[in-house]
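What follows is a short report on a single structure.
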There are 2 protein chains.
Amino acid sequence: MVTIKEVAKEANVSISTVSRVLNKSGYTSEKTKEKVLSAVKKLNYQGSLVAAAMKKKQTLTLGLIIPDIKNIFYSDLTRTIEDRANSHGFNIFLCNTDNNLQKEAEYIHLLVAKGVDGIIFSSPEVDDGNIEELKENFPELPVVILGGKFPKLILNEVVVDNVDGAYKAMRHLLDLGHKDIAFVGGDPETYASVERHKGYKMALNERGIPYNDDYVIFDTFYIQSGYENTKKLLQKDDRPTAIFAGSDSIAVGVYKAARELGINIPEQLSVVGFDDSQYAEILYPMLTTIRTPIKEMGQRAIEIMVKAIKEKQIIKETVLFYPDLIERESTMTINGER
Amino acid sequence: MVTIKEVAKEANVSISTVSRVLNKSGYTSEKTKEKVLSAVKKLNYQGSLVAAAMKKKQTLTLGLIIPDIKNIFYSDLTRTIEDRANSHGFNIFLCNTDNNLQKEAEYIHLLVAKGVDGIIFSSPEVDDGNIEELKENFPELPVVILGGKFPKLILNEVVVDNVDGAYKAMRHLLDLGHKDIAFVGGDPETYASVERHKGYKMALNERGIPYNDDYVIFDTFYIQSGYENTKKLLQKDDRPTAIFAGSDSIAVGVYKAARELGINIPEQLSVVGFDDSQYAEILYPMLTTIRTPIKEMGQRAIEIMVKAIKEKQIIKETVLFYPDLIERESTMTINGER
DNA sequence: AAAAAATAAGGAAACGTTTCCATAAGGATG
DNA sequence: CATCCTTATGGAAACGTTTCCTTATTTTTT
């Protein structure tokens, strides 16, 4: 591994001069600039960013903490974030927590020890104590939360209006004449779940339809969860005519269950998902769902992060995105008409 | 940010002593150990791994270079790799290249500059010059390739036998009586593609079925590619009775195209995929496919990597996995019988 | 009881950069 | 022509660790 020292010797200048031309800082004459650059090329010098990081207190890396990259929602998000981060010169450490707070705490420690310039959390649990602790111990470290709110903490939030999204999903179903609408939700510890449930209730309320406890299920955001819970739900005597799934993954499970029971979507069962992930167009019939503007959100998260790092000041900023209904083929009027 | 110096002062010992107890190296008495540990706790000391990295020349991080995390195959792989790496104390830098060699080169430089302890490449292109160059410049840096072979380079490879997989897929189709079998492949620059194609030809040959150029397509491993190419394929007069898709993603496209043309799977068209990704069970009818043992491969890749790092010696090792046929619902005899 | 080995702890160099400070030469300003 | 910028470069400290070396004390061995 060739160092700046050797480059300096080769070019017959001091190491400070080498550093200066490589960082384009301070003054250097054209002549020495050339000498240095050709020495760099000759020795194939590759500066050590870890030494630089040590001095500058800037690692140019970000931590990204998500539940699970296998979940299509997070892989879409991660891609955008990685892309945008990279275009600003940052690398990202990927951390999968499975929503396990213990695991999350360990990752946070590690990330801090490795000197990341900021941490992005996606979909933390409600009242995640780790984040609180992090902010307490390292108030200067930029943090942005995607899809979560921490009113008491000084950090950045980029969120989607889940209650509005759920409300739009429900209104669509209600407008089609459905009254017996179930909610198959995900992890109840999660903002997404509680807010989507809120939107569900709100829409029902507005139309004066009584809230039926048997039609409301919380479990996890996995396909399997959607499948198992829907199967139980659809085997009841008074099965719902429509299901609002807490996410597209859950909707995949809903499809599976319905198919297994010989219930046709959308003729006998309308389904609305949430996220507008890749799944939505893979399913047959294609899934009507609520579009979370995931790219825009990831992009915004990075912008905010980079700004916070550059300006070295931590303020609280919350940006809210509104979701839209994407109508495809999985819903129908209660009479079986389009 | 509290440093080891402050801990030393608090505990009334030297910094070398603090370092020793924290690293459990050398001798320390119980008494001083306690003093140090309580000082650490009191000051909430969090050692800087970047300083340690600088001294030890070990960052405890790995670079992972993949085409695209949104591709379900890579998100599954990435998850396993991240998990296993983490359990060995390593973090991973995620890098998406979109198979762009320029982008890949940039990532490699960055990773080296950041002092990663090793780099894992998944699905590099055939004769990827970047990897060659990397090995030339930094022969000491452990590299493991997933799904690719570089006979001339001293690095580790963990691969699936793609030709065997393709052969198994084809034999299944042939055993069902199919003769007009198309191959809708992915990126032709890729090992996976060329080897799967080889298996395709081999099986055809063995049964004495002439190779039909019109039935062989290379494009990309994306859904869209599978969709577009299949659509053209199925609109021919002499359309195939079966399709061997180069990956499950491509198979998703095949399904879409078939559905649009009113061709039933499996009654009118048998389909076999490759990978056994999440998609396989989401599709309806569920996809018969070739299972790539992705978890085992990722796990093995990390084991090899960790061993190479620990033992500080670079040898060439190739581990080969064999894929299996997973029969589900997307194939049928040519007569439309099961 | 003397010598050797094991235990314990501190000092200081080193890792590879960046950056502040000092020095110096040349050009502009009054 | 003295003074002051501007340009150009080098020296050295600093970043926060680890580790080697030294010294001192205690324990074990002969």
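Sequence lines set the chain letters: A, B, ... in the order given, protein chains first and strands last, and positions in each chain run from 1. Just so it is clear, the values below take in all heavy atoms, side chains as well, and ignore hydrogens, waters and symmetry mates. Please read all numbers here as calculations on a predicted model, not as lab measurements.
Considering only residues two or more places apart in sequence or on other chains, A/T17 meets the side-chain hydrogen bond (donor to acceptor under 3.5 Å, both in side chains) condition with A/S14. Remark: A/F93 pairs with B/F93 by the ring pair (Phe, Tyr, Trp, His ring centres under 6.0 Å) rule, at least two apart or across chains. A search for side-chain hydrogen bond (donor to acceptor under 3.5 Å, both in side chains) contacts involving A/K316 returns A/E157, not counting sequence neighbours.
If you take CD of B/Q58 and C1' of D/dT19, they are 15 Å apart, rounded to a whole angstrom.
If you check every strand for non-hydrogen atoms under 4.0 Å, A/V13 touches sugar and phosphate atoms only.
Counting atom types as modelled, B/S14 pairs no side-chain N or O with a base atom of C/dG11 as donor and acceptor under 3.5 Å.
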Ignoring hydrogens and angles, write down the donor-acceptor pairs under 3.5 Å from the side chains of residues 68-75 of chain A, residues two or more places apart or on other chains.
{"residue": "A/D68", "atom": "OD1", "partner": "A/K70", "partner atom": "N", "Å": "3.0"}
{"residue": "A/D68", "atom": "OD1", "partner": "B/R79", "partner atom": "NE", "Å": "2.9"}
{"residue": "A/D68", "atom": "OD2", "partner": "A/Y222", "partner atom": "OH", "Å": "3.3"}
{"residue": "A/N71", "atom": "OD1", "partner": "A/F73", "partner atom": "N", "Å": "2.9"}
{"residue": "A/Y74", "atom": "OH", "partner": "A/S123", "partner atom": "OG", "Å": "2.7"}
{"residue": "A/S75", "atom": "OG", "partner": "A/I72", "partner atom": "O", "Å": "3.1"}

Could you list the donor-acceptor pairs under 3.5 angstrom formed between side-chain atoms of residues 105-115 of chain B and any protein atom two or more places apart in sequence or on another chain?
{"residue": "B/E106", "atom": "OE2", "partner": "B/Q102", "partner atom": "NE2", "Å": "3.0"}
{"residue": "B/Y107", "atom": "OH", "partner": "A/E82", "partner atom": "OE1", "Å": "3.0"}
{"residue": "B/Y107", "atom": "OH", "partner": "A/E82", "partner atom": "OE2", "Å": "2.5"}
{"residue": "B/H109", "atom": "ND1", "partner": "B/A105", "partner atom": "O", "Å": "3.3"}
{"residue": "B/K114", "atom": "NZ", "partner": "A/T59", "partner atom": "O", "Å": "3.3"}
{"residue": "B/K114", "atom": "NZ", "partner": "A/L60", "partner atom": "O", "Å": "2.6"}
{"residue": "B/K114", "atom": "NZ", "partner": "A/N91", "partner atom": "OD1", "Å": "2.9"}

Report all side-chain donor-acceptor pairs from residues 301-313 of chain A shorter than 3.5 Å, counting only partners two or more places apart or in another chain.
none

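Side-chain nitrogen and oxygen atoms of A/S19 include at least one within less than 4.0 Å of the OP1 or OP2 phosphate oxygen of C/dT18.
Between B/E104 atom CD and B/L134 atom CG the span is 9.5 Å, to the nearest 0.5 Å.
Every pair passing salt bridge (charged side-chain N to carboxylate O under 4.0 Å, His left out) that includes a residue from residues 20-41 of chain A is listed here, sequence neighbours excluded: A/E30-A/K33.
Across all their heavy atoms, A/K135 and A/L141 have their closest contact at NZ-O, 3.0 Å.
Proximity of a side-chain donor or acceptor of B/N156 to a complementary backbone N or O of B/E317 within less than 3.5 Å is detected. With B/S193 contributing its side chain and B/T190 its backbone, the two residues share no donor-acceptor pair below 3.5 Å.
Taking the C1' atoms of five terminal pairs at each end of the helix from C/dA1-D/dT30 to C/dG30-D/dC1, the two resulting helix axes are inclined by 40°, rounded to 10°.
Taken residue by residue, residues 25-42 of chain B places no heavy atom nearer than 4.0 Å to DNA chain D. Contacts with DNA chain C (heavy atom under 4.0 Å) in residues 105-114 of chain B: none are found.
Judged by closest nucleotide on DNA chain D, A/T17 is the one of B/T17 and A/T17 placed further toward the 5' end.
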For nucleotides 13-16 of chain D, tabulate all protein N/O to nucleotide N/O atom pairs closer than 3.5 Å, reporting atom names and distance.
{"residue": "D/dC15", "atom": "O3'", "partner": "A/K57", "partner atom": "NZ", "Å": "3.2"}
{"residue": "D/dG16", "atom": "OP1", "partner": "A/K57", "partner atom": "NZ", "Å": "3.3"}

Between the protein and nucleotides 21-23 of chain C, which nitrogen or oxygen pairs are less than 3.5 angstrom apart?
none

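Heavy atoms of other residues, nucleotides or ligands lying less than 6.0 angstrom from CG of B/D98 number more than 12.
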Quiz prompt | Audit row: B/D83, B/I81, side-chain contact (heavy atoms from CB on, under 4.5 Å) steps and yes/no | solution = CA-CA 5 Å; B/D83 276 359; B/I81 287 186; over 6 Å; no

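Side-chain N/O atoms of A/S16 and A/S19 include no donor and acceptor closer than 3.5 Å. One side chain, A/N44 or B/N137, offers a donor N or O that lies under 3.5 Å from an acceptor on the other.
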